[in-house]
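Before any comments, here is the structure.
Chain A is the first sequence line, chain B the second, and so forth, proteins listed ahead of strands; every chain is numbered from 1.
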Number of protein chains: 2
Amino acid sequence: MTRFQRDGYHSVRIEDLAEDAEVSVGTVYNYYGTKGDLLMATVALEVEEVLAAGEAILLAPPAEPQEALLGLIWQYYDHSLEYLSKEMWRAAMALSIEEPHTPNGRRYADLDGRLADQVARLVARLQSRGRVAPDLDHRAMGELIFNTLNAMFIEFVKDDGMTLDTLKARVAAQIRPLARLMEAPA
Amino acid sequence: MTRFQRDGYHSVRIEDLAEDAEVSVGTVYNYYGTKGDLLMATVALEVEEVLAAGEAILLAPPAEPQEALLGLIWQYYDHSLEYLSKEMWRAAMALSIEEPHTPNGRRYADLDGRLADQVARLVARLQSRGRVAPDLDHRAMGELIFNTLNAMFIEFVKDDGMTLDTLKARVAAQIRPLARLMEAPA
DNA sequence: CTTCAAATCTGAGCCTATTCAACTCTTTCT
DNA sequence: AGAAAGAGTTGAATAGGCTCAGATTTGAAG
């Protein structure tokens, strides 16, 4: 993980890792089936932590729908570069799209699904508090919001120059009007 | 393009294409810089046609926002497997994420941007007709809608078993409530 | 201490995208 | 015709992920 972050996922060869660990290439493959497994292990670490932090927010979300949604999303974003560089994220995303049937592809999709579900549960929570229109399907809205925050995150990792602040501003520009539309009539 | 569709993008080696064309491997590379160039040429062909068809819809969209939006989206989807298999789409998407700085990555991003812009212009069109709330930012809504239809399309190409009808049903489930929220008050 | 099977480890070799220096063919100029 | 520049072609060589038939180590049993 450290070498991937420091030297770049693609630049680091399996042979390099084997040397670091003072074993042979074959032994690396004895523990991780593919180079992508090493990457996905890091992604899973990262997302699991973010999901746990998200649950804490779900317990006591801000009353305002907009603030609650953006709070959860900022949580995701602020943590996102802890273990993974943008290049690593790109590689992981590419992997999950190109090989959806492999264990790694499924694993990434599963993590995505759990994030989308968490957003949906936040929407449901806000509905139960009467701040979001009760006739909205919280699953559909959760998916819609997740799709948006995910798409913007993809744009973020695709652009090495983009800052977290820019990402947040862009997402806010899309989530704010949506949150307003979702609000229960007073 | 034909061989990629028939035998699979990954299974087809450059050497195979060279044999088909009765030239050497080096000559293939003289015309297309990478294997991805061959793929992206097909993606561009596909998307350009869909954009042109979309312009026709923009000229005279259905009055109902929901119908107008879904009509445009179905247009995109129905054309999507004309030249590209799901596997080819996956490879192209993976390429665009993993190598955003290469000409191919930029090219794909550009096509995506033009699709998003077309959706935004449809929203603006519906606003000028008074069927969509005028205070909504048509750019933000266009991007929001594009992000959704694109995310669902990615899910579609990731799952070889999913049919176009299932894709449409899922997108409709998200776009319908959104279209309702966007409607101008009567 | 010896034996043997299971668990680990090893690295040469395979595969395919990509590169590039040498070669051939075409066109232009004298 | 001869020559030189330019355009196009070639395929052997390179790189890095991954495989697999042995070789080595471990640990339980006698």
Side-chain angles (χ1 to χ4, degrees), chain A residues 1-44 84-108, chain B residues 1-44 83-108 158:
Chain A
M1 186 175 94
T2 306
R3 292 224 47 177
F4 283 162
Q5 275 197 90
R6 198 190 60 198
D7 303 329
Y9 176 71
H10 279 107
S11 300
V12 175
R13 297 167 309 150
I14 297 294
E15 201 186 326
D16 298 331
L17 300 176
E19 275 168 23
D20 281 8
E22 294 181 327
V23 294
S24 70
V25 169
T27 299
V28 174
Y29 277 95
N30 201 25
Y31 290 92
Y32 293 87
T34 69
K35 193 179 180 185
D37 284 6
L38 288 156
L39 185 61
M40 206 53 73
T42 310
V43 172
L84 293 148
S85 66
K86 286 190 177 186
E87 190 220 6
M88 289 168 75
W89 272 113
R90 288 197 294 268
M93 289 170 175
L95 192 65
S96 78
I97 289 182
E98 197 149 25
E99 304 173 1
H101 311 306
T102 65
N104 276 331
R106 276 195 292 276
R107 196 171 179 188
Y108 190 97
Chain B
M1 185 174 96
T2 305
R3 292 224 46 178
F4 283 161
Q5 276 199 86
R6 199 189 60 196
D7 303 329
Y9 176 70
H10 280 105
S11 301
V12 175
R13 297 167 310 151
I14 299 292
E15 199 186 326
D16 298 330
L17 300 176
E19 276 169 24
D20 281 8
E22 294 183 326
V23 295
S24 71
V25 168
T27 299
V28 174
Y29 276 94
N30 201 26
Y31 290 93
Y32 293 88
T34 69
K35 193 179 179 185
D37 284 7
L38 288 155
L39 185 60
M40 207 54 73
T42 310
V43 171
Y83 304 126
L84 293 148
S85 66
K86 287 190 177 187
E87 189 219 8
M88 289 168 75
W89 272 113
R90 289 197 295 268
M93 289 170 174
L95 192 65
S96 78
I97 290 183
E98 198 148 25
E99 304 172 0
H101 311 304
T102 64
N104 275 331
R106 277 196 291 276
R107 194 172 179 188
Y108 191 97
K158 278 170 72 172

In Å and rounded to the nearest 0.5 Å, what is the CZ to OG distance from R106(B) to S96(B)?
-> 13.0 Å
Rounded off to whole Å, could you give me the [atom1]-to-[atom2] distance for the [X] and [N] pair?
{"X": "L38(A)", "N": "dG17(D)", "atom1": "CG", "atom2": "P", "result": "11 Å"}
{"X": "E98(B)", "N": "dG17(D)", "atom1": "CD", "atom2": "P", "result": "12 Å"}
{"X": "R3(B)", "N": "dT16(C)", "atom1": "CZ", "atom2": "P", "result": "13 Å"}
{"X": "L39(A)", "N": "dC18(D)", "atom1": "CG", "atom2": "C1'", "result": "17 Å"}
{"X": "I14(B)", "N": "dT18(C)", "atom1": "CD1", "atom2": "P", "result": "6 Å"}
{"X": "E19(B)", "N": "dA17(C)", "atom1": "CD", "atom2": "P", "result": "12 Å"}
{"X": "Y29(B)", "N": "dA13(D)", "atom1": "OH", "atom2": "C1'", "result": "14 Å"}
{"X": "K35(B)", "N": "dT19(C)", "atom1": "NZ", "atom2": "C1'", "result": "17 Å"}

Below 4.0 angstrom from OP1 or OP2 of dT8(C), is there any side-chain N or O of Y31(A)?
-> no
Starting at the 5' end of nucleotides 10-15 of chain C, put B wherever the base has a protein heavy atom under 4.0 Å, S where only the sugar-phosphate does, and a dash everywhere else.
-> BB----
Does the side chain of R13(A) reach to within under 4.5 Å of the side chain of K35(A), using non-hydrogen atoms?
-> no
With side chains defined as the heavy atoms from C-beta onward, is the minimum distance between V23(B) and L17(B) less than 4.5 Å?
-> no
Please check if the side chain of [X] supplies one atom and the backbone of [Y] the other of a donor-acceptor pair under 3.5 Å.
{"X": "S85(A)", "Y": "M88(A)", "result": "yes"}
{"X": "D37(A)", "Y": "G33(A)", "result": "yes"}
{"X": "E87(B)", "Y": "Y9(B)", "result": "yes"}

